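So the structure is just underneath, and the comments pick up after that.
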Amino acid sequence: MSLLEIRGVMVRFGGVMAIGGVDLDVQAGEVTGLIGPNGAGKTTLFNVISGMQEPTAGSVHVSGVDVTNEAPHRRAKRGLARTFQRLELFSSLTVRDNVRVAAELAALTNIDETVDNLLQKVGVSDLAEQTAGDLPTGSARLVEIARALATGPHLLLLDEPASGLDEAESERLGVLLRQLTADGLGVLLVEHDMSLVMHVCDQIFVLDLGLIIANGTPTEIQHDPKVLQAYLGAPS
Amino acid sequence: MQELLTFTIIGLSTGAIYAVVASGLVVTYTTSGIFNLAHGATGMLAAFTYWQLRFDWNLPAPIALFITLFVLCPIFGLVTERFVMRGLQGTSEVVKLSVTVALFAFMIGIANWIWPSDSSREAFLKFYEGNKVSIFGINISWHKLITFGCAILVAIVLRLLLFRTRMGVAMRAVVDDRALTELNGGRPDRVAIFAWALSAMLAGLAGILLAGEQQLNIEPLVFLVINAYAAAIIGRLKNLPMTFAGAAVLGLLDAYYLQFSDKSWFPQSIMGFGISGMRASIPTIVLFIALLALPQSRLRAGVVRIREQNKMPAWNTSLLGAVSLIAVVVAISGMLTRSNTLLLLNGFTFAIVALSLVPLTGYAGQMSLAPLTFAGLGAIAMSKLPGDGNLLTLIAAVVIVALVGALVALPAIRLSGIYLALSTAAFAVLVTKLIFNQKQTFMSGNISVPVLDIPFLEINTPRGRLILASIAFSVLGLGVVAIRRSRLGRRLIALKDSPAAAATLGMSLTRTKLAAFAISAGIAACAGALAGDKVSPQQYDFTQSLPIVLLTVVGGVGTVGGALFGGLMLGGNSVLATVVPTLKNVTKILPGTIGVTLGRNPSGAANQIADAYRSLTNRWSLLAFAAAGAIVIWILDAQYVISHWAFFIAGVFWILAVTPNLVGIMQATRTRRIIASIYLGIGVIVSISIDWDNAVDSTGKRLIALILLIALFGVGAQRVAENAPRIHRSSPDVIGLTKDFTDEELDHAERELGVVL
């Protein structure tokens, strides 16, 4: 049984087919990449998984439980956490309180300790007392990851976590992701930074125009002609 | 059958007017994202203007119409957009709504000023008054026919405009994506001006048509807009045909109610409650139902981007503030006359009501237009519950109202933003009409709320009640600070800052909103329950809630200090009217005038002052200068060089006008620095050189002079000192950019990118 099982998910906005029947699996202890050109439907798929967007058809299972009709906060209780492509920090709270809210929602016992550990883990301890709205994008992305981790998730959805990060930060993020999966966490990663994706992912799914056009290991994906075509356009 | 047909026609013609108003509402909402609560007031003002031209100055009707609808209304719309609404981009819905509330208050004030309701005036005649035509044996007045014609014309013109003209296409483009339109060479600002001008014309047309049907009175014309809200909500604020259909339904309901309520079988009361207020409540009930029928507001990421920010309140400053507030009130309450004591008491009552908005609106970002309604329920509960005002009665009253607050919020909680605000308004109107205006609730026009009975304390005097109110405010204020610092407070802020993130982290938005509503209702209930005097239903009328909401947002709805500021400002405004009767008209427009400037400073005035003080930390020379000035003023007083009042006025001027400006002045250019210093210097000299004790004969006038001094010289100096801030809007295609650049960041970026050498 996979940690996350998506079967036949379809999303239609009026006449536009945003996602046209997607099957996707994420295993515990692995980083699964989800790549594709802009507008392929990656964020929409994230919204379906996290419960912010009702699918027109299809189902979402987390750890074998059907969560298709559950509210976002119920899914969070089942161990699902996500970050956002456009930052969604609680901008008037401090960095520490951002992470703390999440830890409190997960009803953890030693909240202070958890928060400190997480801030350290993603490398933003020195920013703890800053107001989140004042952070530069790179640090803010890291805080969002810490905040998502504070809910103690089994499955983490990351929506372009490396955009806005410099090369060194991006590399550190890769290391962090490997650490997290070593502890048994499953990660679904949407990312445009191909060196990061190819470096950390165990499995990659390629989404184009709402359909999965390829999946496999990084090496397989790199040599898949359909993928090259989707990214570079049809050979004339 | 004949009768039914007649009433159908009456209903449809009323509906036609609603449709015209509602379409104007939709036009501005869709192009600028601002729901204009003042839309009805615009129509009211236009109707009065038309009356002035047509019936008082006896201009021919076509000329009067042309001037009103095609000259004055567009100019009004243009000015509103350019100078009020444009500054609101990037502010929260709360601030946007408050500014339209301000505009609403401003226009009612203007109308009351120019056309006082007690003066008799020429009648407002219908078009072709007295002329009727007979269609299918039913007599229809020309006025009604013209009304129909107008509605149809408006429908056709809007349709053609939106789909067949460049401007219409641009308008629809702005609705879809403002930033993208701008990038493609569209001019959203021009489109917005056009939309506001058009909207003002539609409001004006409807106002004139309606004034012909009813009388020329401020209230019914203003509240015409509630019908329009209902129609616009039925059209989901974007669909014009649905809006027209909704308007027709509303008009018909009203007409049929009128027809059937005369029949003998029609019930006069339901379960002992008279339903005489029912007809006026129909639009509100329809609005409520239409709101509840709306789909659950969808969670969307990347929606909330707001400029206002509040720091977390610290315990030590909060405690210090609370203690000094009580101390000041105890000290000055001995010197006040009885009437001044009552006025200040009034201010504190408002402040407690304003405080109820802090956790709900300030922290959780949920707008309520009904804070006074809960205060009224608190007053009723306190007077009806047994115990004659002991502490247990108070607690019971507060708990009951808090539960009521949660209960009424329950159906509305799926909504957010403007829809939630409207449903609280609908609730307030319904409670006013169906509960407060019942004989059972307010026996002979008023009820007496028992004074809080605290053992060993006699608080039956106005002074006692004033001190009690200040203590109540301080205690509740500390409670609100405690909430902000607690787990719940963090959740409330999370709800405001990003509902999407909060939900995906495991927070039940419904439970958090319910908690916020319950707490808010409970605090407001205290204000009513502690009235300790006879109260009348008018005190808790829905329209009285609006200035409170407005001034709280002006003061800063995110902080306890802002609530105090807002409450006292409202209290002070009534002082102004009592003390200087000649200024009575000014006080009518004052709250509105202050409110429309909110776009400049969406975090509120109290916050601005606090920020100015915060910027003083670590600037030792400036701090020393500020302290030295205060000491000099004190010495002058102690040495009897200046009077006590001069001490007070100069002291307050120093604290509120001079000190907060010091940093700004030091950072300004040389010329600006000199001019600003001269401004403040004049203010200080005036405040210490006037013999306030003898030359001015009442406390009220002295306070007004103080406010004027601060406004003229303090705010003046600030405006001179501050360089116009450069605002750089973030481009939508820079991924991940979530705030505007500061100048330093821009310079840095330009250096890094090598754009400048």
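Proteins get letters first, then strands, A, B, ... in listed order; numbering begins at 1 in each. Model, not experiment: these values are computed from the prediction.
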Self-check item: Intermediate values then yes/no, side-chain contact (heavy atoms from CB on, under 4.5 Å), B:R491 and A:L105
Solution: CA-CA 9 Å; B:R491 286 186 192 183; A:L105 283 165; 3.6 Å; yes
Practice problem: Check step by step if side-chain contact (heavy atoms from CB on, under 4.5 Å) holds for A:F90 and B:L495. | Solution: CA-CA 8 Å; A:F90 305 130; B:L495 173 64; over 6 Å; no
Quiz item: Tell me, side chain or backbone of A:L157 under 4.5 Å from chain B's heavy atoms, or both, or neither?
Solution: neither
Quiz item: At their closest point, which heavy atom of A:L89 faces which heavy atom of B:D497, and how far apart are they?
Solution: O-CB, 4.3 Å
Quiz prompt | Nearest heavy atoms of B:L505 and A:A148, plus distance in Å | solution = CD2-CA, 4.2 Å
Self-check item: Under 4.5 Å from any heavy atom of chain B - which part of A:I111
Solution: side chain
Exercise. Grab the two heavy atoms, one from B:A503 and one from A:A76, that are nearest each other, plus how far apart they are.
Key: O-CB, 4.4 Å
Quiz item: Non-hydrogen atoms of chain A under 4.5 Å away: do they reach the side chain of B:R484, the backbone, both or neither?
Solution: side chain
Quiz item: Do B:L509 and A:H73 have side chains that get closer than 4.5 Å, going by heavy atoms?
Solution: no
Self-check item: Choice from A:R74, A:K77, A:R75, A:R100 maximising heavy atom contacts with chain B below 4.5 Å
Solution: A:R100
Quiz item: In this structure, are over 12 heavy atoms from other groups packed under 6.0 Å from A:H199 atom NE2?
Solution: no
Quiz item: Between B:M312 and A:D97, is a side-chain contact (heavy atoms from CB on, under 4.5 Å) present by the stated rule, with each step listed?
Solution: CA-CA 11 Å; B:M312 172 133 103; A:D97 278 352; 4.2 Å; yes
